[in-house]
Protein chains: 2
Amino acid sequence: MGRVNISDIAKKAGVSKTAVSFAYNNPERLSQATVGHILKIAEELGYTPNPVARTLTTGHTGTIGVLVPQPIPEIIRNPFMPKFLEGIGEVCTKEGLSLMIVPPLKGSMRRAIENAAVDGFITLGLEEYKATMLVLRQRGVPFVTVDSDPIEGAPSINIDDESGARAAMRHVLAAGHREIAILAIRSGVQAHIEEYHGTLRYRMNGYLAALEEYHLTLDRRRISLLECVSTEKGGQFGFREIWKKKRHPSAIVAMSDIIAIGVMEAALNAGVKIPEELSIVGFDDIPLAKLVNPPLTTVAQPLTEKGKLAAELLLKTIAGNAVPTHHILPISLVIRKSVGVIERRA
Amino acid sequence: MGRVNISDIAKKAGVSKTAVSFAYNNPERLSQATVGHILKIAEELGYTPNPVARTLTTGHTGTIGVLVPQPIPEIIRNPFMPKFLEGIGEVCTKEGLSLMIVPPLKGSMRRAIENAAVDGFITLGLEEYKATMLVLRQRGVPFVTVDSDPIEGAPSINIDDESGARAAMRHVLAAGHREIAILAIRSGVQAHIEEYHGTLRYRMNGYLAALEEYHLTLDRRRISLLECVSTEKGGQFGFREIWKKKRHPSAIVAMSDIIAIGVMEAALNAGVKIPEELSIVGFDDIPLAKLVNPPLTTVAQPLTEKGKLAAELLLKTIAGNAVPTHHILPISLVIRKSVGVIERRA
DNA sequence: TTGTAAGCGTTATCAA
DNA sequence: TTGATAACGCTTACAA
């Protein structure tokens, strides 16, 4: 820590602490000479105002926190993090803010929230969001939620998962597929879809809605459901499980791109051609999606915009002039080459 | 900001502030009953200790800063950021730290440094590193430099750019190429290589060293040099410039993968086959490198390890028990498919 | 234009 | 096992 403090400078310069403070924050209130003198002394002694002390009195830190439910390495590996942070970053740049990534502290969200010196939080896809938001409330710092069920009193941003999922499933159905496996992100409730919540629930609802339009439903025979972790390995596992059965679906609808890509790899290894023998559609439109072979048909969400909006809403909330608003951002189906058409026998 | 403070709790609970503080930080020094009582009151009033005030007295923030020379969006777009942050994140997770990304504040590194409430900085590829490090010194916060010329008194981490570049160029030369264009990252000194410094200089030195082994040198005819910005567009521009001339090189050696990939795109558009008609080698081994077609031969650096080492060194420095050490991390040539062999006529 | 003094909300020291 | 009180380093009314 920098040894020398404002009093040292004041003493050395033969002025008051106030004068020193002014030299930095309100130079126009001092004569040019004084300012120059003070700054020179400060320079000599290598003085820099302590930002923590300053924050204690001013009440703001100049940084906003992104509260994430997993350790930093996992968060960073998340393929849609970059674009999201880019959006937040745009606002930070404009407003001269720093960005703090706040993961659970020794496993505890509560501790993380209590210790972070930030002017506000953007929470991302919280899991135990109710408990966490209670802590957030208690901490008294403004926050905006992203990707969790909206909560009263705080702005929220979500994407239209249901429409996205419906569009994806519709696309597959419209291509003629009637034997479909849904690969869901592991829920913790073991494929009891009635207990799904959050993103999982909305996406599942979307799938089911599209199926219903075609008078189909989860019947474990033609339309089946399997959960796997949202990783490449998870997708590979999913494919293998599905392919074990004697009857193979003609299409797999995956709840995340990374699962879909895992499926594609496993299919490649098994000699199953995509999209000729197996169609697949993902969700998220991660950067990899357009690069795999064949390019993956998937659902895209406006990630950068999401981050930007989150940051903007947060700043408004911090400024105090905001009625909490709830936003649902539109998604779009990105049709590439991973879904093939099946000729329906009349 | 949370309204209620430690005094409110103390008053309401009928104890001193000290007791309240202990209830949180040294519960073992209080009777169980008192602790329980205090915590209950705190819970009722929704009290949470103010982290800023705490930091002011304890002297540590529990967060480390990554000081970057560009606005956050640009930094995030940098394709080797994720792995680097992952490495830092590993350490953060283990130690229970948060991570702050500290970009220039309204264009000023000085302001950024002065305002960031962190226990230490990891500086990344600073440009005006001398001035910046002076400020860092003045601020009195420990720091570790990554990708800039080592400075006395602070640990540093660099990669062996020179060896990496030499390996890349050697590979091209060994494949028989003798007409080579070097695509350098724009320097600001307009291809006056004697004024290059930092990464740029080391990589260039490596290229030149390899050329020398083959009795070649920058002669603008067989071996040429061109600068471009380190983006896809920069690479596309580079290719076009090079292809304008009547005599085309058989290989392009690019100082970054993203430039190389830009070249590949432009070559594809121009109908130039890689590696049959043009070989190319990059630098960095970004995730995209293995995904492009053909996969890009390039130089890889241990990014995660770099981040991890940086964080570890920083923590040691913060702890005070560290002799500043300077590290040069090894690189490795990753041979893929973008360099073709030329038959040398005897 | 400059100075005095009262916070900001903790933790740390020392005493009881 | 608890409490008074002094830091921590700054900003900001208010005064001069």
Side-chain angles (χ1 to χ4, degrees), chain A residues 1-39 41-42 45-62 111 114-119 138-141, chain B residues 1-39 41-42 45-62 111 114-119 138-141:
Chain A
M1 288 294 144
R3 270 283 128 70
V4 27
N5 65 21
I6 197 172
S7 301
D8 299 328
I9 304 304
K11 204 171 297 169
K12 196 91 171 184
V15 298
S16 70
K17 291 197 295 174
T18 309
V20 178
S21 181
F22 281 169
Y24 284 87
N25 307 315
N26 296 70
E28 68 279 3
R29 289 188 53 176
L30 258 35
S31 73
Q32 289 224 352
T34 325
V35 172
H37 177 57
I38 292 173
L39 260 26
I41 303 280
L45 300 192
Y47 168 72
T48 269
N50 178 321
V52 177
R54 175 177 280 172
T55 292
L56 187 59
T57 69
T58 61
H60 59 261
T61 63
R111 262 193 287 229
E114 290 181 350
N115 280 295
V118 297
D119 292 334
Q138 193 169 105
R139 167 82 148 75
V141 173
Chain B
M1 289 291 144
R3 270 284 130 69
V4 26
N5 65 21
I6 197 171
S7 301
D8 299 327
I9 304 303
K11 203 172 298 169
K12 196 91 172 184
V15 298
S16 70
K17 291 196 296 174
T18 310
V20 178
S21 182
F22 279 167
Y24 283 88
N25 307 315
N26 297 70
E28 67 280 2
R29 290 187 52 176
L30 256 36
S31 73
Q32 289 223 352
T34 326
V35 172
H37 177 60
I38 292 173
L39 259 27
I41 302 280
L45 300 193
Y47 168 70
T48 270
N50 178 321
V52 177
R54 176 178 280 172
T55 292
L56 186 59
T57 68
T58 62
H60 59 262
T61 63
R111 261 193 289 228
E114 291 181 350
N115 280 296
V118 297
D119 293 333
Q138 193 169 106
R139 169 81 148 77
V141 173

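Computed over heavy atoms, backbone and side chain alike; hydrogens, waters and symmetry mates excluded. Order of the sequence lines sets the chain letters (A, B, ...), proteins ahead of strands, with each chain counted from 1.
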Engineer: Atom NE2 of A:His37 and atom P of C:dT1: how far apart are they, to the nearest Å?
Structural biologist: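 To the nearest whole Å, that distance equals 17 Å.
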Engineer: Taking only side-chain nitrogens and oxygens of A:Thr34, does any of them come within less than 4.0 Å of OP1 or OP2 of C:dT1?
Structural biologist: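 Negative; the distance criterion is not met.
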Engineer: Examine distances only and state if a side-chain atom of B:Asn50 and a backbone atom of B:Ala53 form a donor-acceptor pair shorter than 3.5 Å.
Structural biologist: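 Yes; judged by distance alone, with no hydrogens or angles, the pair exists.
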Engineer: Does A:Ser16 put a side-chain nitrogen or oxygen below 4.0 Å from OP1 or OP2 of C:dG3?
Structural biologist: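 Yes.
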Engineer: Is the closest side-chain heavy-atom distance between B:Leu30 and B:Ile38 below 4.5 Å?
Structural biologist: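 In contact.
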Engineer: Looking at D:dG9, I'd like to know if its phosphate oxygens (OP1 or OP2) sit under 4.0 Å from a side-chain N or O belonging to A:Asn50.
Structural biologist: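 A:Asn50 to D:dG9 OP1/OP2: no side-chain N or O under 4.0 Å.
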Engineer: Whole angstroms only, please: what is the CD1-C1' distance between A:Ile9 and D:dG9?
Structural biologist: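 Result: 12 Å.
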Engineer: Give B:Val15 one of three labels, base, sugar-phosphate or nothing, depending on what nucleic acid heavy atoms sit under 4.0 Å from its own.
Structural biologist: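 Contact class for B:Val15: sugar-phosphate only.
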Engineer: Would you jot down, in residue-number order, the residues of residues 22-30 of chain A having a non-hydrogen atom under 4.0 Å from DNA chain C?
Structural biologist: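 Listed by number, they are A:Arg29, A:Leu30.
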Engineer: If you define the side chain from C-beta out and look only at heavy atoms, does anything of A:Ser7 sit under 4.5 Å from A:Lys17?
Structural biologist: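 Yes, at least one pair of side-chain atoms sits under 4.5 Å.
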Engineer: How sharply is the helix from C:dT1-D:dA16 to C:dA16-D:dT1 bent, taking the axes over five pairs at either end and rounding to 10 degrees?
Structural biologist: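 Taking the rotation axis at each end, their angle is 30°.
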Engineer: Looking only at the side chain of B:Arg54 (C-beta and beyond, no hydrogens), which of the listed nucleotides C:dT1, C:dT10, D:dC10 gets closest?
Structural biologist: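 The answer is C:dT10, which lies nearest to the side chain.
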Engineer: So if I take every side-chain heavy atom of B:Lys17 and compare against C:dG3, C:dT2, C:dT11, which nucleotide ends up nearest?
Structural biologist: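 Comparing C:dG3, C:dT2, C:dT11 against the side chain of B:Lys17, the answer is C:dT11.
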Engineer: Below 4.5 Å, heavy atoms only, C-beta onward: do B:Val35 and B:Phe22 meet side chain to side chain?
Structural biologist: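 No. Closest side-chain heavy atoms not under 4.5 Å.
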Engineer: What's the CZ-P distance between B:Arg139 and D:dG9, to the nearest Å?
Structural biologist: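 About 13 Å, once rounded to whole Å.
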Engineer: Taking the side chain as every heavy atom from C-beta outward, state whether A:Ile9 and A:Leu45 have any atom pair closer than 4.5 Å.
Structural biologist: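 Counting from C-beta outward, A:Ile9 and A:Leu45 do come under 4.5 Å.
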Engineer: Check the distance between C:dT10's C1' and B:Lys11's NZ and give it to me in whole angstrom.
Structural biologist: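 Atom-to-atom, B:Lys11 to C:dT10, this comes out as 16 Å.
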Engineer: Any heavy-atom pair between the side chains of B:Leu39 and B:Tyr24 that's under 4.5 Å?
Structural biologist: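 In contact.
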Engineer: With sequence neighbours left out, write down each residue that passes side chain to side chain donor-acceptor pair (under 3.5 Å) with A:Ser21, or none if nothing qualifies.
Structural biologist: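 In terms of side chain to side chain donor-acceptor pair (under 3.5 Å), with neighbours along the sequence ignored, A:Ser21 is linked to A:Asn25.
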Engineer: Taking the side chain as C-beta and beyond, is there a heavy-atom pair between B:Asn5 and B:Asp8 under 4.5 Å?
Structural biologist: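 Yes; the side chains approach each other to less than 4.5 Å.
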Engineer: Distance criterion of 3.5 Å, no angle test: do you see the side chain of B:Thr18 paired donor-to-acceptor with the base of C:dA12?
Structural biologist: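 When only heavy-atom distances are counted, B:Thr18 does reach the base of C:dA12 through a donor-acceptor pair under 3.5 Å.
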Engineer: Taking CD in B:Glu28 as the centre, count heavy atoms belonging to other residues, nucleotides or ligands within less than 6.0 Å. Is the count above 12?
Structural biologist: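 Count over threshold, so yes.
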Engineer: Output yes when at least one side-chain N/O atom of A:Thr57 is less than 4.0 Å from OP1 or OP2 of D:dT12, else no.
Structural biologist: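 Answer is no, no contact under 4.0 Å.
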Engineer: Just compare D:dT12, C:dG9, D:dC10 and give me whichever is closest to any side-chain atom of A:Ile6.
Structural biologist: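 Closest nucleotide to the A:Ile6 side chain: D:dC10.
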Engineer: Nearest-Å distance, CG (A:Leu56) to P (D:dT12)?
Structural biologist: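 Atom-to-atom, A:Leu56 to D:dT12, this comes out as 12 Å.
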Engineer: Checking all strands, does B:Thr58 fall into the base, sugar-phosphate, or nothing category for heavy-atom contacts under 4.0 angstrom?
Structural biologist: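 Sugar-phosphate, backbone atoms only, no base.
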Engineer: What I'd like to find out is whether the side chain of A:Thr55 reaches to under 4.5 Å of the side chain of A:His60, using heavy atoms alone.
Structural biologist: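 With C-beta onward as the side chain, the pair stays apart.
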Engineer: B:Asn5 CG to C:dC8 P: how many Å, rounded?
Structural biologist: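 The distance from CG of B:Asn5 to P of C:dC8 comes to 8 Å, rounded to the nearest Å.
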Engineer: CD1 of B:Ile38 versus P of C:dT11: gap in Å, rounded?
Structural biologist: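 Interatomic distance, CD1 of B:Ile38 to P of C:dT11: 12 Å.
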